[in-house]
Each structure stands twice: as structure tokens, then as C-alpha cells.
Protein chains: 2
Amino acid sequence: MGSKDRILRQKEETRCKILDAAYRIVKAEGWQGLNMRKIADDIEYTPPVIYEHFSNKDAILKEITKKGFLQLYNELKELKENISDPEEQLEAMWMAFWNFAFKNMEMYQVMFGVEMTCWLMKVPEAELQYELFLETIARVMPGEPDAEVVKQKYFSFFSVVHGLISINIVGDGLGGEMNTHILKDAIGGIIRSIRS
Amino acid sequence: MGSKDRILRQKEETRCKILDAAYRIVKAEGWQGLNMRKIADDIEYTPPVIYEHFSNKDAILKEITKKGFLQLYNELKELKENISDPEEQLEAMWMAFWNFAFKNMEMYQVMFGVEMTCWLMKVPEAELQYELFLETIARVMPGEPDAEVVKQKYFSFFSVVHGLISINIVGDGLGGEMNTHILKDAIGGIIRSIRS
DNA sequence: TAAATAAATCTAACAATGTTAGGCAAATTT
DNA sequence: AAATTTGCCTAACATTGTTAGATTTATTTA
């Protein structure tokens, strides 16, 4: 009687379909275009079915956000494994963070609260990328840097990068060269300031 | 027959009361706590009355945001008038920007889109503070700097400051010393990099 | 296999919230 | 004083999140 398995598999599949549908709608129409009825339409069920898989709409957002943080983490981790020089690694990681934001703009919005409710502090998966950066920053710094100082440097990086991403998302975009300039300047500047 | 005046004055007063009520509610309950019925309750009218003064809820948000940008502008302008040294002026202005964000957190959210729909690009009053900064930055830079470069420097400042503000708003706050450290470092760093 | 049970899914509705229609009453004008 | 305009209200509609309860389908039991 392997029906249990099949049923569980189907349940899991529907759950996935809900998340996929939700994010598909969001990519097409933005976060304010998302509602439960559209998700239901998309998966060809009625709205109440969604509530057998998620307790409410927020639970869906949370789950989507989790997946976003995991994806970001994986992209960063791969860089870490493929670049040996710590400074290069650090710069590449922030550039990857930057690219992630624009390749997955709606995801970034919900992850970091850009014109959208923020889930950063509500999903533990957000820690993953944070730890990754802390580690790399510590490797760039000489000696055995104090954890608080490393943290401070992380937020120095994060502030510029996130700030620049934000203004690009809510505004008209600053133009490619201007962004690159500001970004490289800032990241390069902080790296220089911590390396010795 | 001065009744026209009185009527206009009363209309204007109600309009003001609506804006005040709205922002009072927001300060007490956050942006998601704001709705038309609560505003109506607060001004002791029924909801439809609000629509005689504002075409919809967004128009209220927009008007509140306008006032926010004007307030920020005035605070910055006063600093400009009272500090002669350009570098000091610039640093003081960004510190004022920072302080404004935390003294008027909900206002900042709607002005710059932190966990809230953003009105930055939709109200012309936002230009005022921008121009003010551009002017001051140009004064700190030697010679007659290119407008594009000045703009770039503005966004360098803005990115760090806004990024740091954002993370403090959406997160648990980094703690006073850490914030001060990052902020002073960043602002000082950019000033140093542009002054000669 | 037929009855009993459980699971899946639906219809219908409720509550909150933005918004509008239409009516009554007060104020103003003629 | 009559006519008109204005101010304000009640009632309702639409959208959207969510839940209750019926119904149908699938599974288990006898």
C-alpha cells in the first residue's frame, strides 16, 4: 500500500505549484498583483485548497523568501569555492549579491523590504549569506579580527550595496556606468581599508 | 459676504485634519494600521467626506510624503545657512538626514520605500533635498566638478546612509556605536575622497 | 464487494477595506 | 419664501484574505 507515498508526493507537488504560481504572478505583476484567487486559478483549484498547504498568505511569502535566501547563499557559496584569493572572492561575492538583486528583483524586495514587507529577520535562512560574508571578510582582514569589527565591516559593505540597489529599484535606475562606478569605488574602498 | 472665505478656510482645515489624523494613526500603528475608516473616526466624519478632500488614499500618502520632503529640506537648509565650512556642512547634513529618518521613521519609510510604497519619484518636492546636497558636494570638490561626478558622489553618500537606515528599520538595529562607526567612517571616507 | 470512513475539493459566505451612489438636510442664493 | 447648492450620511459594491460546511471522491474496513 504505497498510496501514502503517492499522496504525500502529490501534496508536496501541489505545495510547490502554489509557490511557483505565486512567484510567477509576482514576476509578471509585482507584489501588489498577487492574491490568493490568482494563485488558485493558476494551480486550477479553488482558494481554500491553498490553505491546506499554507496557513495563510504570509506563510507563502515566508516560504518564497526562504527559497530566495537559499538561492543567494548557493550562488555565493559557489563563488567562494571557485575563487581562492580572499579579496577577489569578497568583491566577486558582493557583485554576485548585486546581480542577484536585479536578476531576482521581486525576490530581493521581499527579502530586504524594498517597497514590500520584509522577511529578513523572520527567516533563519537569511543567516547563511551573512555568515558567508563574515567569514570572507575575516579572511581579508589581517590577524584574528574581533567579531564585532568584522560585523561592522559587513554592514559597511551591505549598506552601500543595499542602498544602491534600493535606489535603483524604487527610482528610474542610475544608469550602468554610474552604478558600476559607485559600486566598485565603494567595495574597493572598503576592501582597501580593511586589508592591512 | 465673506462666507466664501470662511468656507474655504474650513475646507482647508478639514483637509489638514485628515492629513494630521492619518499621520497620527501611522505613528501609533504603522502604515498597515492606517485605513480610511480610522481617519474618518478621528476627524469625526464618515469616510465619504474624506473623498471630498482627496481623490483616494494614495493622494493622502502623497501629500504626507510631500510634507515630509519639505520638512527634510527645511532642516537641511537651516544647517546649510548656519555652517560655513563646506565639509562640516556636508557631514552635518548627512547626520541630519540620518536623524530625520529615526525621528520620523514612518515618514522616512514612505519617502524612500522602506517596507512601504515609495513616493520618492512621484513628488517633485523630493528634488529639493537632492539639489541641496548636490550644491554642497560641489562646494567641497575642488574646481568646477562635472555635474555627473557630483551626482555620482551624491549617490555614494545616499547609498550608505540609506542602506544603513534601512537595515536599522527592518532589523533589530545595530546598536548606537556600530551605527555611528559605520556612518562616520563612510561619510568621512567619501568626503576625504572628494576634497582634493 | 458494499458500507463506513476519511480525504479532497467545492460553494458560499464573512470580515476588512477602498470607494461610490444616492438621498436628506442644512446653508446659501435668488 | 422658493430654489439651489453644499455638506454629510447611509447603504452599498468590489476586492481580497479567510473560514464553515456541504459534497464529492478516494480509501479502508467488514
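- Taking atom CG on D58(A) and atom C1' on dG17(D), their separation rounds to 10 Å, with Å as the unit.
- Here the P atom of nucleotide dG17(D) and the CD1 atom of I25(A) are 10 Å apart, to the nearest Å.
- Between Y51(A) atom OH and dT18(D) atom P there is a gap of 4 Å when expressed in whole angstrom units.
- Within a 6.0 Å radius of CD in E44(B), other residues, nucleotides and ligands contribute 12 heavy atoms or fewer.
- The pair E125(B)-K67(B) fails the salt-bridge criterion, with no side-chain N (NZ, NE, NH1 or NH2) lying under 4.0 Å from an Asp/Glu carboxylate O.
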So which protein N/O to nucleotides 12-16 of chain C N/O distances come out below 3.5 Å?
none

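- For K11(B) and dT6(D), the NZ to P distance is 9 Å, given to the nearest whole Å.
- A 6.0 Å sphere centred on CD of Q10(B) holds more than 12 heavy atoms belonging to other residues, nucleotides or ligands.
- Here dC10(C) presents its P atom at 7 Å from OH of Y45(A), a figure rounded to the nearest Å.
- A perpendicular orientation is assigned to the rings of F97(B) and Y108(B), their planes being inclined by more than 60° (bins at 30° and 60°).
- Taking atom NE2 of residue H53(B) and atom C1' of nucleotide dG18(C), one finds them 17 Å apart after rounding to whole Å.
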Donor-acceptor contacts under 3.5 Å from residues 69-78 of chain A side chains, at least two apart:
unit_1 : atom_1 : unit_2 : atom_2 : d
Q71(A) : NE2    : E75(A) : OE2    : 2.9
N74(A) : ND2    : L70(A) : O      : 3.2

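- Relative to the side chain of K57(B), the nucleotides dC8(D), dT11(C), dT19(C) differ in distance, and dT19(C) lies closest.
- Summary of the strand contacts: K38(B) and V49(A) both lie near DNA chain C, and taking for each the nucleotide with the nearest heavy atom, the more 5' one is attributed to V49(A).
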Can you check nucleotides 23-27 of chain C for protein contacts, nitrogen or oxygen pairs under 3.5 Å, and list what you find?
none

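- The side-chain contact (heavy atoms from CB on, under 4.5 Å) test with V160(A) singles out one residue from D185(A), I190(A), I165(A), I187(A), and that residue is I190(A).
- Proximity note for T46(B) (side chain, C-beta onward) versus dG7(D), dC9(D), dT18(D): the nearest is dC9(D).
- When the C1' atom of dC10(C) is taken as reference, atom CD of E52(A) falls 11 Å away, rounded to whole Å.
- Taking the charged nitrogens against the carboxylate oxygens, E135(B) and R139(B) have no contact shorter than 4.0 Å, which rules out a salt bridge.
- Looking at heavy-atom distances under 4.0 Å, L34(B) makes contact with sugar-phosphate atoms alone, never a base.
- Classified by interplanar angle (parallel below 30°, tilted 30° to 60°, perpendicular above 60°), the ring pair Y130(A)/F155(A) is tilted.
- Atoms CD (Q10(A)) and P (dT25(D)) sit 16 Å apart, rounded to a whole Å.
- Atom CD of E144(B) has 12 or fewer neighbouring heavy atoms from other residues, nucleotides or ligands inside a 6.0 Å radius.
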